[in-house]
**Q** 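For reference, the structure I am asking about is given below.
Computed over heavy atoms, backbone and side chain alike; hydrogens, waters and symmetry mates excluded. It should be emphasised that the depicted structure is a prediction, and the values quoted were computed from it without experimental measurement. By convention in this document, chain letters (A, B, ...) are assigned in the order of the sequence lines, proteins followed by strands, and residues within each chain are numbered from 1.
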Amino acid sequence: MSLGEQRRILEERYPSLLEEKGEREERPRLPPLPGAVEGRVRTRFAPNPDFVIHIGNARPAILSDEYAKMYKGVLVLRFEDTDPRTKTPLREAYDLIKEDLKWLGVSWGEEYIQSLRLEIYYDVARKLIERGCAYIDTCGEEGRDLIRKGVGCPTRNNPVEWHLEELDKMLSGHYGEGEAVLRVKTRLDHPNPSVRDWVGLRIIDTVKHPHPITGSRYNVWPTYNLAVSIDDHMMGITHVLRAKEHEVNTEKQLYVYKCMEWDPPVFIHFGRLKLEGFIMSKSHIRRLLEENPDKFMGYDDPRFGTIAGLRRRGILPEAIRESIIMLGVKPGDVTLSWANLAAVNRKILDKMADRIMYVGDWVELRVDQEECMTATIPRHPERPGEARSIRVCPGDVILLNKSDARGEVRLMGLGNYRVDDGRLVYIGGGLEYARGRRLPIIQWVRKEEAVKTRILRPEGLDLVVEEGYSEAALRDYGVDSRIQLIRYGFARVDSTGAVYTLVYTHS
RNA sequence: GCCGCGGUAGUAUAGCCCGGCCCAGUAUGCGGGCCUUUCGAGCCCGUGACCCGGGUUCAAAUCCCGGCCGCGGCACCA
């Protein structure tokens with residue numbers, strides 16, 4: 001018997017059972033975390049501060065945060081800024097990322113910056129050498145070829161003391177970029193050449209490539225895999241949630257755990273997240289910004305899938321969180337469709353966004369009626385008490401959408417009119433008349449008090465600009481307010497002034 | 001090319017580990033109705049899917065084999 005059938009029978013015979021269950025709406029939940037113990041879970045979010053984060057990066061942040069909260073554990077925030085050369089960290093990014101995380105409702109209990117922990121990595125490197133698990137390769141460029149061939153630099157077999165001395169030489173600046181590296185020993189016949197004796201420490205000339213936090217103080221930098229395995233252990237991380245591009249890294253990092261006799265955390269890898277219709281890649285966004293400085297508004301342009309861009313678009317943090325939790329943690333790639341994100345967002349927005357009348361492709365009509373009338377319109381259907389009044393007198397000019405300006409219509413809150421040769425002729429009859437005749441109930445703007453309004457609507461890589469007029473009540477809303485333009489859609493106030501600029505969120 | 005991971009309605013996801021309760025659930029989209037001073041929200045009804053081919057089994061979305069397609073990795077990046 002299908003669920004539907006069971007339900008139908010229940011409804012027929014035992015309706016009270018269903019009522020008691022109470023179909024109350026719940027936030028989506030995550031599946032249980034393998035091996036998690038309440039109060040003991042420690043997760044981490046480890047961004048590279050070379051740019052702001054996008055919704056794809058936000059996924060591990062939100063999942064890690066959600067799981068930490070679910071099990072009353074701790075989320076650790078760790079900036080992974082150990083490459084001043086090719087992924088040079090951005091000074092501002094550290095704070096921008098923290099802002100985005102706070103906005104998303106992600107809360108962390110501890111915070112670390114890897115570039116401030118280099119001595120720790122040097123210490124463990126020394127221990128790895130002492131335990132025979134790492135060595136210094138001074139073969140330079142040739143060392144890589146040897147590894148690829150499955151042989152390795154001859155120094156691999158030198159005594160431990162030699163390597164310890166060489167490490168000190170590296171640290172004291174004896175070697176230049178590329179002349180010496182510390183490698184972590186693995187099988188030399190590993191099918192993936194990048195795993196074979198992977199590099200743990202390398203030299204980066206910070207005079208040429210200064211680091212935004214430590215300047216030119218250090219010239220030996222750990223690779224991702226060395227720093228991460230050490231930190232995850234020292235920070236007591238129990239569960240690592242990261243994208244599947246890290247699967248091979250997990251394999252590499254396990255060599256450190258094994259050598260140091262540390263218990264590895266539980267690793268969970270999930271597929272990549274794409275947001276339909278948005279540009280996500282950091283490098284792509286950077287390039288667009290450099291090549292078209294006039295076309296885009298910055299990293300927070302509403303056409304970008306950055307957290308800042310989505311925020312500017314009018315997407316709420318709850319909507320992002322909920323959508324990401326709904327997507328879950330499966331290994332395949334996922335595409336978050338805009339329709340879905342918008343639907344979740346709309347549900348939340350609808351309860352809070354005040355209603356404003358806006359007219360886009362307008363036409364001017366003169367009112368033809370006996371006396372002044374006042375429209376009182378609630379700002380929100382669920383809060384009828386909060387209303388604004390608009391007084392319309394004979395001879396006033398009213399703006400309507402061109403497509404609405406024909407036949408008989410009801411101007412919302414005001415009255416019924418007939419559009420007749422450039423005029424709006426009052427025909428009376430009240431709301432009952434309008435309903436009975438199924439007149440369109442439309443929004444309108446009194447020209448006298450109209451607020452010039454510019455709407456920016458992202459459409460793929462384009463930003464469609466539409467100009468129109470809003471009712472005076474728009475002036476009550478400041479930057480960042482979310483409103484609903486009646487019969488048009490939701491929007492976020494982007495700037496105020498003589499002209500109001502709104503970013504169109506979705507219908 | 002080599003390693004690894006996936007393929008459920010238009011879209012996204014549940015179920016797959018431990019085969020039957022799945023003629024496949026949910027959300028969104030789409031169509032219709034009710035309600036409502038919005039073409040919004042809410043409520044109700046409808047629509048529509050297990051990549052293909054074999055095999056195992058009384059029974060397969062679930063297990064096995066092959067194919068096709070997609071994604072990830074193959075750095076002194078993270």
Side-chain angles (χ1 to χ4, degrees), chain A residues 1-6 28 31 46-50 57 79-83 85-89 114 137 140-141 143-144 148 177-183 190-196 198-204 220-225 227-228 242-249 251 269-272 274 276 282 322-323 326-328 330-344 346-347 349-351 353 355-357 375-378 380-382 403-404 410-416 430-432 434-435 439-443 484-490 506-507:
Chain A
M1 199 189 307
S2 75
L3 208 81
E5 284 169 315
Q6 294 181 36
N48 179 338
D50 64 341
N57 312 22
F79 288 104
E80 308 210 318
D81 54 351
T82 57
D83 178 16
R85 182 170 48 198
T86 52
K87 284 203 172 163
T88 315
Q114 287 190 326
D137 168 347
E141 197 62 39
R144 291 190 214 198
R148 217 164 290 140
E177 282 191 6
E179 290 172 0
V181 290
L182 173 129
R183 290 184 179 276
H190 193 284
N192 185 339
S194 88
V195 175
R196 295 178 199 157
W198 54 271
V199 171
L201 293 175
R202 82 287 208 194
I203 294 163
I204 294 174
V220 175
W221 291 84
T223 57
Y224 172 77
N225 286 303
V228 165
R242 48 163 48 151
K244 69 176 173 187
E245 65 205 66
H246 287 296
E247 277 166 339
V248 178
N249 290 324
E251 209 180 331
H269 299 113
F270 41 78
R272 314 247 299 183
K274 276 175 292 212
E276 180 191 77
K282 288 177 180 180
E322 208 170 293
S323 300
M326 236 154 30
L327 291 176
K330 62 164 209 161
D333 285 356
V334 295
T335 308
L336 178 55
S337 80
W338 174 244
N340 270 277
L341 214 211
V344 176
R346 176 159 44 232
K347 210 166 166 183
L349 219 43
D350 184 70
K351 292 192 204 93
R355 272 60 168 168
I356 293 292
M357 296 196 287
T376 301
I377 306 171
H380 193 284
E382 282 172 25
S403 54
D404 288 332
R410 176 170 181 84
L411 303 202
M412 191 182 273
L414 188 65
N416 306 324
L431 183 58
E432 295 317 309
R435 283 208 182 128
L439 300 189
I441 295 165
I442 61 170
Q443 80 279 25
Q484 187 194 114
L485 302 176
I486 291 168
R487 297 208 308 147
Y488 186 91
F490 292 91
H506 49 64
S507 61

**Q** Between atom CG of A:L439 and atom CG of A:L431, what is the distance when rounded to the nearest 0.5 Å?
**A** 10.0 Å
**Q** For the C1' atoms, the ones on B:U47 and on B:G67, what distance do you get once it is rounded to whole angstrom?
**A** 33 Å
**Q** Answer yes or no: side-chain N or O of A:Q484 and base N or O of B:U38 forming a donor-acceptor pair under 3.5 Å.
**A** yes
**Q** Within this structure, what is the CH2-to-C1' distance between A:W338 and B:G10, rounded to whole angstrom?
**A** 18 Å
**Q** Under a 3.5 Å limit for both distances, which nucleotide forms a Watson-Crick or G-U wobble pair with B:G40, could you say?
**A** none
**Q** Choosing from B:U11, B:C76, B:A12, which nucleotide comes nearest the side chain of A:L327?
**A** B:A12
**Q** Could you tell me the separation between the CZ atom of A:R487 and the P atom of B:U36, rounded to a whole number of Å?
**A** 19 Å
**Q** With heavy atoms under 4.0 Å as the rule, sort A:N416 into base, sugar-phosphate or nothing.
**A** nothing
**Q** Taking for each residue the nucleotide of RNA chain B bearing the nearest heavy atom, is the 5' side occupied by A:A339 or by A:G328?
**A** A:G328
**Q** Looking just at side-chain N and O atoms, do A:S194 and A:N192 make a donor-acceptor pair shorter than 3.5 Å?
**A** yes
**Q** Please name the nucleotide paired to B:C71 by Watson-Crick or G-U wobble geometry with both distances under 3.5 Å, or report none.
**A** B:G4
**Q** How would you label the contact of A:L431 with the nucleic acid (heavy atoms, under 4.0 Å): base, sugar-phosphate, or nothing?
**A** base
**Q** Nearest of B:A14, B:U28, B:A78 to any side-chain atom of A:T223?
**A** B:A78
**Q** Give one of base, sugar-phosphate or nothing for A:V248, where a contact means two heavy atoms less than 4.0 Å apart.
**A** sugar-phosphate
**Q** Rounded to the nearest Å, what distance is computed from the CD atom of residue A:E276 to the C1' atom of nucleotide B:U28?
**A** 11 Å
**Q** Is there a Watson-Crick or G-U wobble partner for B:G25 with both distances under 3.5 Å, and which nucleotide is it?
**A** B:U13
**Q** Out of B:C5, B:C76, B:A14, which has the shortest distance to the side chain of A:R202?
**A** B:C76
**Q** Would you say the side-chain atoms of A:R272 pair up with the backbone N or O of A:A243, donor to acceptor, closer than 3.5 Å?
**A** no
**Q** Taking the C1' atom in each of B:U8 and B:A75, what is the distance between them to the nearest angstrom?
**A** 37 Å
**Q** Quick one: is A:R148 getting a side-chain N or O under 4.0 Å of the B:C76 phosphate, OP1 or OP2?
**A** no
**Q** Using whole Å, report how far OH of A:Y224 lies from C1' of B:A75.
**A** 14 Å
**Q** Please determine whether a side-chain nitrogen of the Lys or Arg among A:D404 and A:R410 lies less than 4.0 Å from a carboxylate oxygen of the Asp or Glu.
**A** no
**Q** Suppose you measure atom C1' in B:G29 against the same atom in B:G70; what distance do you get, rounded to whole Å?
**A** 24 Å
**Q** Report which part of the nucleic acid A:P193 touches: base, sugar-phosphate, or nothing (heavy-atom distance under 4.0 Å, all strands).
**A** sugar-phosphate
**Q** Determine the contact category for A:R85: base if any of its heavy atoms lies under 4.0 Å from a base atom, sugar-phosphate if only primed atoms, P, OP1 or OP2 are that close, otherwise nothing.
**A** sugar-phosphate
**Q** Report which part of the nucleic acid A:H269 touches: base, sugar-phosphate, or nothing (heavy-atom distance under 4.0 Å, all strands).
**A** nothing
**Q** Can you tell me whether the side chain of A:N249 and the base of B:A78 have a donor-acceptor pair closer than 3.5 Å?
**A** yes
**Q** Hey, is the side chain of A:R144 poking within less than 4.0 Å of OP1 or OP2 on B:C76, counting only N and O atoms?
**A** yes
**Q** Taking only the C1' atom of each, what is the distance from B:A14 to B:U62 in whole angstrom?
**A** 13 Å
**Q** Picking from B:G40, B:C77, B:G72, which would you name as closest to the side chain of A:R346?
**A** B:G40
**Q** Does the distance from a Lys or Arg side-chain N to an Asp or Glu carboxylate O, for A:E382 and A:K351, drop under 4.0 Å?
**A** no
**Q** Would you indicate whether the side-chain heavy atoms of A:I442 and A:L411 approach each other to under 4.5 Å?
**A** yes
**Q** Rounded to the Å, how far apart are A:E247 CD and B:A78 C1'?
**A** 16 Å
**Q** Assign A:G140 to base, sugar-phosphate, or nothing according to its heavy-atom contacts below 4.0 angstrom with the strands shown.
**A** base
**Q** Rounding to the closest angstrom, what is the interatomic distance between B:A59 and B:C5 at atom C1'?
**A** 30 Å
**Q** Under 4.0 Å, heavy atoms only, any strand: does A:G413 hit a base, just the sugar-phosphate, or nothing?
**A** base
**Q** When rounded to the nearest Å, what value does the distance between P atoms of B:G46 and B:G7 take?
**A** 30 Å
**Q** Heavy atoms from C-beta onward define the side chain here; which of B:C71, B:G40, B:U11 lies closest to that of A:K244?
**A** B:C71
**Q** Compare every heavy atom of A:N416 with every heavy atom of A:G430, then report the nearest pair and how far apart it is.
**A** O-ND2, 2.7 Å
**Q** Figure out the CZ/P separation between A:F490 and B:A41, and round it to whole Å.
**A** 7 Å
**Q** Under 3.5 Å for both donor-acceptor distances, Watson-Crick or wobble: does B:G31 have a partner, and if so which one?
**A** B:C45
**Q** May I ask you to say what A:T82 touches in the nucleic acid, namely base, sugar-phosphate or nothing, with a heavy-atom cut-off under 4.0 Å?
**A** sugar-phosphate
**Q** Please state how far atom CD in A:E251 lies from atom P in B:C74, giving the value in whole angstrom units.
**A** 12 Å
**Q** Report the distance from atom NE2 of A:H246 to atom P of B:G73, rounded to the nearest whole Å.
**A** 9 Å
**Q** Taking the minimum atom-to-atom distance to the side chain of A:V334, which one of B:C76, B:U38, B:A12 wins?
**A** B:A12
**Q** Nearest 0.5 Å, please: how far is CG in A:D350 from CZ in A:R355?
**A** 4.5 Å
**Q** Can you tell me if the side-chain N/O atoms of A:K330 get under 4.0 Å from OP1 or OP2 in B:U13?
**A** yes
**Q** Rounding to the closest angstrom, what is the interatomic distance between B:U13 and B:G48 at atom C1'?
**A** 16 Å
**Q** CD1/A:I204 to CD/A:E177 distance, rounded to the nearest 0.5 angstrom?
**A** 7.0 Å
**Q** State which of B:G72, B:A75, B:U11 makes the closest approach to the side chain of A:E245.
**A** B:G72
**Q** Please tell me which of the listed nucleotides, B:C71, B:G73, B:C77, lies nearest to the side chain of A:N192?
**A** B:G73
**Q** With sugar-phosphate meaning primed atoms plus P, OP1 and OP2, does A:N48 contact a base, only sugar-phosphate, or nothing at under 4.0 Å between heavy atoms?
**A** sugar-phosphate
**Q** Can you tell me the base-pairing partner of B:C58? Count Watson-Crick or G-U wobble geometry only, both distances below 3.5 Å, and say none if there is no partner.
**A** B:G20
**Q** B:A49 and B:G25: how far apart are their C1' atoms, nearest whole angstrom?
**A** 12 Å
